Amino acid sequence: MVEQIKVKHTVIHEDSVMDLVKGQLTEEIKEVRFLTRGLNDTYKVVGKNSSYAYRVYRQGWRNLAAIQFELEAIAYLKENGYEAIGTIKGTDGSNVTEIVAPEGERYGVMFSFAEGERPVINPENTFLIGKSLGRLHRLSNGFTSEHDRGFTIDFTHLLDEPASFIRPTIQKYLGDEAVKIFTETLTYLKEELDTAHLEIGFCHGDFHNHNMHIHKGALQVFDFDSCAVGYRAYDVAVSWWNLLHNYKQQEKECWDTFLQGYEQEYSLSEEDMDSLPLFMTARRIWLLGTMLQNRDVWGTNWINETALELFILQLRTDRIGMQKEQEA
């Protein structure tokens, strides 16, 4: 006898995606290719004249209101001249398709396809990336939405929610002392950030070179899945975190040019800039919590003593560095 199975996440067949998008485009569709599986699934739709990216949101990750907030933000930025990849409305005028999947209701959105390649990290490109983030912050200052995003980029989102997944995992693999270090770090971050007067505004939430392409010398920014209203300094810190952890040999020079580009378009206060090391640690915590929360994306093989000990060591190193800066 075959037992009824439970489904966490299905990958929709390209043929079914073809059927879903046929009514959205006026041009002939030649091919649908599955591109990547992540927090959401992305397909490349190749039309007779143009190419598109079709995103299928993960069930339970973003509800309809949250998606509408994201799409309104992108539309607002584009209307104000920002280099965001926009959505393609269907022939019925809608830009969101409801999909009945085995795991429950999901949503599909068609975007223009970002031509070009991921920017190579060098001083010239990080200047453009910094300039782009500054433009995003400047141009989005007037954005509002009636739709509930479901979260803001605050202590709850960056620290408390990830901690609910991190703390029991650390307890299981490393024990009480590691949990103590983790909890002390959370308290330290909250105390330091709570007393600062930091700018709040619309943020991309995941601004680094993996979420943009460069084409004919111009950037095109995409993947606003983490966008929300929140700490602007966190948005800047994400870019620094990416340089430090993925491009360490180029980090110093490229961080300098990133800031030069950013400050051509927008200025944050000295207090905001001083908070960047704190937000880099917050980014570390948010990322680990997100990976633990979404085990069906990244699996569980990486969850072990070695990886978690490195995480705790990084927290301790971050604290030492921040305390030295305060004493200097």
Side-chain angles (χ1 to χ4, degrees), residues 73-74 76-85 118-143 152-154 158 192-193 195-224 226-284 318 321-322 324-326 328:
I74 294 170
Y76 181 90
L77 285 166
K78 283 190 68 63
E79 287 166 6
N80 283 277
Y82 187 67
E83 54 270 20
I85 294 295
R118 180 185 302 167
V120 173
I121 290 299
N122 58 40
E124 180 181 359
N125 284 345
T126 49
F127 177 84
L128 292 177
I129 293 169
K131 191 176 176 69
S132 181
L133 182 59
R135 278 171 52 78
L136 186 151
H137 286 170
R138 175 169 59 82
L139 294 173
S140 65
N141 273 336
F143 172 68
T152 56
I153 300 175
D154 56 10
L158 295 175
E192 291 295 311
L193 291 170
T195 57
H197 298 88
L198 302 177
E199 181 171 321
I200 302 294
F202 178 81
C203 299
H204 181 278
D206 200 22
F207 200 86
H208 53 78
N209 67 319
H210 288 234
N211 286 331
M212 58 190 68
H213 279 174
I214 189 165
H215 182 59
K216 297 181 179 178
L219 285 180
Q220 298 177 303
V221 179
F222 49 85
D223 196 356
F224 282 72
S226 296
C227 76
V229 172
Y231 292 114
R232 287 272 172 74
Y234 173 76
D235 232 14
V236 176
V238 168
S239 293
W240 190 11
W241 178 91
N242 179 55
L243 291 175
L244 186 62
H245 290 276
N246 295 322
Y247 306 94
K248 194 165 187 176
Q249 298 303 314
Q250 301 136 284
E251 177 262 334
K252 187 179 188 306
E253 184 179 19
C254 289
W255 175 237
D256 288 343
T257 58
F258 175 93
L259 289 178
Q260 289 168 20
Y262 183 85
E263 289 166 1
Q264 273 199 9
E265 295 285 345
Y266 201 71
S267 293
L268 290 177
S269 70
E270 184 177 348
E271 203 165 6
D272 279 296
M273 299 307 289
D274 288 344
S275 73
L276 294 183
L278 298 165
F279 280 118
M280 287 176 74
T281 303
R283 170 68 174 189
R284 192 190 305 286
D318 288 349
M322 286 184 277
K324 282 183 177 178
E325 282 192 11
Q326 287 177 335

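No experiment lies behind these values; they were computed from the predicted model shown.
Atom CD1 of I153 and atom OH of Y231 lie 11.0 Å apart (nearest 0.5 Å). Expressed to the nearest 0.5 Å, how far NE2 of H245 lies from CD of E251 amounts to 9.5 Å. Note: I85 CD1 to K78 NZ = 6.5 Å, rounded to the nearest 0.5 Å. Atom-to-atom distance recorded for C203:SG and L133:CG is 8.5 Å, nearest 0.5 angstrom. Put simply, CG on L278 and CG on L198 are 9.0 Å apart, with the number rounded to the nearest 0.5 Å. Going from atom CD of Q250 over to atom CG of N122 covers 8.0 Å, rounded to the nearest 0.5 Å.
The closest side-chain heavy-atom distance from L193 to F279 is below 4.5 Å. The closest side-chain heavy-atom distance from P119 to L128 is not below 4.5 Å. Side-chain atoms of P277 and D318, non-hydrogen and from C-beta on, never get closer than 4.5 Å to each other. Put simply, the side chain of H204 reaches to within 4.5 Å of the side chain of F224, judged on heavy atoms. Here the side chains of T126 and Y247 are not in contact, with every heavy-atom distance at 4.5 Å or above. No side-chain heavy atom of F258 sits less than 4.5 Å from a side-chain heavy atom of N242. Residues L77 and F202 have side chains in contact (heavy-atom distance under 4.5 Å, counting atoms from C-beta outward). Here the side chains of F127 and Q264 are in contact, with some heavy-atom distance below 4.5 Å.
For G81 against L139, the heavy-atom pair with the smallest separation is C-CD1, 4.4 Å. T257 approaches P123 most closely through the heavy-atom pair OG1-O, 3.2 Å. When every heavy atom of S275 is checked against every heavy atom of A233, the shortest pair comes out as OG-CB, 3.4 Å. Across N209 and R118, no two heavy atoms sit closer than the pair O-CG, 3.0 Å. Summarising the geometry of I121 relative to C254, their closest heavy-atom pair is CG2-SG, 3.9 Å, with the distance given to 0.1 Å.
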For a side-chain contact (heavy atoms from CB on, under 4.5 Å) check, start with the C-alpha distance between L259 and M273, then their side-chain angles and the critical distance, and finish with the verdict.
CA-CA 10 Å; L259 289 178; M273 299 307 289; 3.7 Å; yes
Residues L268, Y262; criterion side-chain contact (heavy atoms from CB on, under 4.5 Å); working and verdict:
CA-CA 10 Å; L268 290 177; Y262 183 85; 3.5 Å; yes
Going through the distances and angles, do S226 and D206 end up as a side-chain hydrogen bond (donor to acceptor under 3.5 Å, both in side chains)?
CA-CA 6 Å; S226 296; D206 200 22; 4.6 Å; no
Just do the side-chain contact (heavy atoms from CB on, under 4.5 Å) check on N211 and F207 with the steps written out, would you?
CA-CA 7 Å; N211 286 331; F207 200 86; over 6 Å; no
Output, in order, the C-alpha distance, side-chain angles, deciding distance and verdict of side-chain contact (heavy atoms from CB on, under 4.5 Å) for E199 and S269.
CA-CA 8 Å; E199 181 171 321; S269 70; over 6 Å; no
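Other residues, nucleotides and ligands place no more than 12 heavy atoms under 6.0 Å from the CD atom of E124.
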For residues 212-222, tabulate all N or O donor-acceptor pairs below 3.5 Å that involve a side-chain atom, not counting sequence neighbours.
{"unit_1": "H213", "atom_1": "ND1", "unit_2": "A114", "atom_2": "O", "d": "2.9"}
{"unit_1": "Q220", "atom_1": "OE1", "unit_2": "E115", "atom_2": "N", "d": "3.2"}

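Ion pairing of D235 with R283 is absent here, as no side-chain N (NZ or NE/NH1/NH2) approaches a carboxylate O to less than 4.0 Å. Between R232 and D272 there is no salt bridge, since none of the side-chain N atoms of the basic residue sits less than 4.0 Å from a carboxylate O of the acidic one.
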